[in-house]
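In what follows, a structure is listed as structure tokens, so that the remarks can point back to it.
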Protein chains: 2
Amino acid sequence: MNEKYERQMKKGVLDLLVLKLLEKEPKYGYQLITELRDKSGAVFLLKEGTLYPILYRLEEEGLVESRWSEPKDRQVPRKYYAMTEKGRQTLPEIADVWRQISRGIRQVMEEEEV
Amino acid sequence: MNEKYERQMKKGVLDLLVLKLLEKEPKYGYQLITELRDKSGAVFLLKEGTLYPILYRLEEEGLVESRWSEPKDRQVPRKYYAMTEKGRQTLPEIADVWRQISRGIRQVMEEEEV
DNA sequence: TCTATATACTTTGTATTACTAAGTATATTA
DNA sequence: TAATATACTTAGTAATACAAAGTATATAGA
């Protein structure tokens, strides 16, 4: 992909995708990176330096909350993130912003392409 | 719309939309603002301070070129922007970046929604 | 045993960009 | 005459994806 444009176009949607992945159940950071990679068909290959600050920001905004796992059987400790009530209210709003913008883009792009 | 997210999600796509609108014929800045507003269904309401710097950047990158209109019959002078050869090569590349990213987002969003 | 790799989280710094706000100037309309 | 629409410019700000480096543990291979 054209890296320059790729980077900019991804701005803003990561919050949406992370929230979406947390919708059903709590997950930890590294898990989110691999799920995002797999489900997006390797379009979203996040580095830790990208994802973790997003989680910190979402937590600061009150959309998610975290707790450390008590590490059983010699397991590396993990920080699980779960959606808050506010997060559940906000997710559909953000999803709607995405829908409107992508529709606007489609309309401009498909214009006169009949 | 949720302004905070709206702003970020629009990042990067404006170059694409502006190039798309210039594909068929040269246009001037103010014209691009109104066309973008109308064709997007008022999703993209650009201020001059948003559009013109985009055009300067695209020109600096060699994707478009500008010329001032010689103002006939007491008309305000206009700066027309036209696609360059390089611009015509780059447009499909950027459009493809958009397609891949939006497909990746759709896949994550639609996951388990059956 | 040693080493490399995968897992897992943190932090600092940088580049890019949409937007606000202000300014300049002309033409048209009320 | 004033207000509005047209048309372009510029300076400054905030937000964020990413690179890069660091810390630490578990596991697999040589």
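Hydrogens, waters and symmetry mates play no part in the numbers below; they use all other heavy atoms, side chains included. So you know, we letter chains A, B, ... as the sequences are listed, proteins then strands, and number each from 1.
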Could you tell me if A:Ser66 and A:Glu59 have a donor-acceptor pair between their side chains, going purely by distance under 3.5 Å?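 Note: A:Glu59 and A:Ser66 side chains meet the donor-acceptor criterion.
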Determine the contact category for [X]: base if any of its heavy atoms lies under 4.0 Å from a base atom, sugar-phosphate if only primed atoms, P, OP1 or OP2 are that close, otherwise nothing.
{"X": "B:Lys11", "result": "base"}
{"X": "B:Glu48", "result": "base"}
{"X": "A:Gly29", "result": "sugar-phosphate"}

For [X] and [N], what is the distance between atoms [atom1] and [atom2] respectively, to the nearest whole Å?
{"X": "A:Arg7", "N": "C:dA15", "atom1": "CZ", "atom2": "C1'", "result": "6 Å"}
{"X": "B:Tyr30", "N": "D:dT4", "atom1": "OH", "atom2": "P", "result": "13 Å"}
{"X": "B:Lys79", "N": "D:dT6", "atom1": "NZ", "atom2": "P", "result": "20 Å"}
{"X": "B:Arg57", "N": "C:dA15", "atom1": "CZ", "atom2": "C1'", "result": "12 Å"}
{"X": "A:Asp15", "N": "D:dA17", "atom1": "CG", "atom2": "P", "result": "6 Å"}
{"X": "B:Glu61", "N": "C:dT17", "atom1": "CD", "atom2": "C1'", "result": "12 Å"}
{"X": "B:Met9", "N": "D:dT16", "atom1": "CE", "atom2": "P", "result": "11 Å"}
{"X": "B:Gln31", "N": "D:dT6", "atom1": "CD", "atom2": "C1'", "result": "12 Å"}

Consider the side chain of [X], meaning its heavy atoms from C-beta on, and name the nucleotide among [options] that approaches it most closely.
{"X": "A:Leu14", "options": "C:dC19, D:dC18, D:dC8", "value": "D:dC18"}
{"X": "A:Trp68", "options": "D:dC8, C:dC9, C:dC19", "value": "C:dC9"}
{"X": "A:Leu46", "options": "D:dT10, D:dC8, D:dC18", "value": "D:dC18"}
{"X": "A:Thr50", "options": "D:dT10, D:dA17, C:dT11", "value": "D:dA17"}

Give, for atom CE of B:Met9 and atom CG of A:Leu16, the distance between the pair rounded to the nearest 0.5 Å.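 One gets 5.0 Å once the value is rounded to the nearest 0.5 Å.
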CG-NZ distance between B:Leu46 and B:Lys10, expressed to the nearest 0.5 angstrom: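 Reported to 0.5 Å precision, the distance equals 7.5 Å.
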Does any N or O donor sit under 3.5 Å from an N or O acceptor when you compare the side chain of B:Arg78 with the base of D:dA7? no
Taking atom types as they are modelled, would you say the side chain of B:Lys47 forms a donor-acceptor pair with the base of C:dT20 within the 3.5 Å cutoff? no
D:dT10 phosphate, OP1 or OP2, under 4.0 Å from B:Tyr52 side-chain N/O: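 Looking at the OP1 and OP2 atoms of D:dT10, neither is under 4.0 Å from any side-chain N or O of B:Tyr52.
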Output yes when A:Lys20 and A:Glu23 qualify as a salt bridge under the 4.0 Å nitrogen-oxygen rule, no when they do not.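 Salt bridge between A:Lys20 and A:Glu23, a charged N being under 4.0 Å from a carboxylate O: yes.
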With nearest nucleotides of DNA chain C determined for A:Tyr5 and A:Tyr28 from heavy-atom distances, which residue corresponds to the more 5′ nucleotide? A:Tyr28
Report the residue (B:Ile54 or A:Pro53) whose heavy-atom-nearest nucleotide on DNA chain C is the more 5′ of the two.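 Residue closer to the 5' terminus by nearest nucleotide: A:Pro53.
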Does the Lys NZ or Arg CZ of B:Lys27 fall within the cation-pi geometry relative to B:Tyr81 - under 6.0 Å from the ring centre and within 45° of the axis?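 Checked: cation-pi criterion not met.
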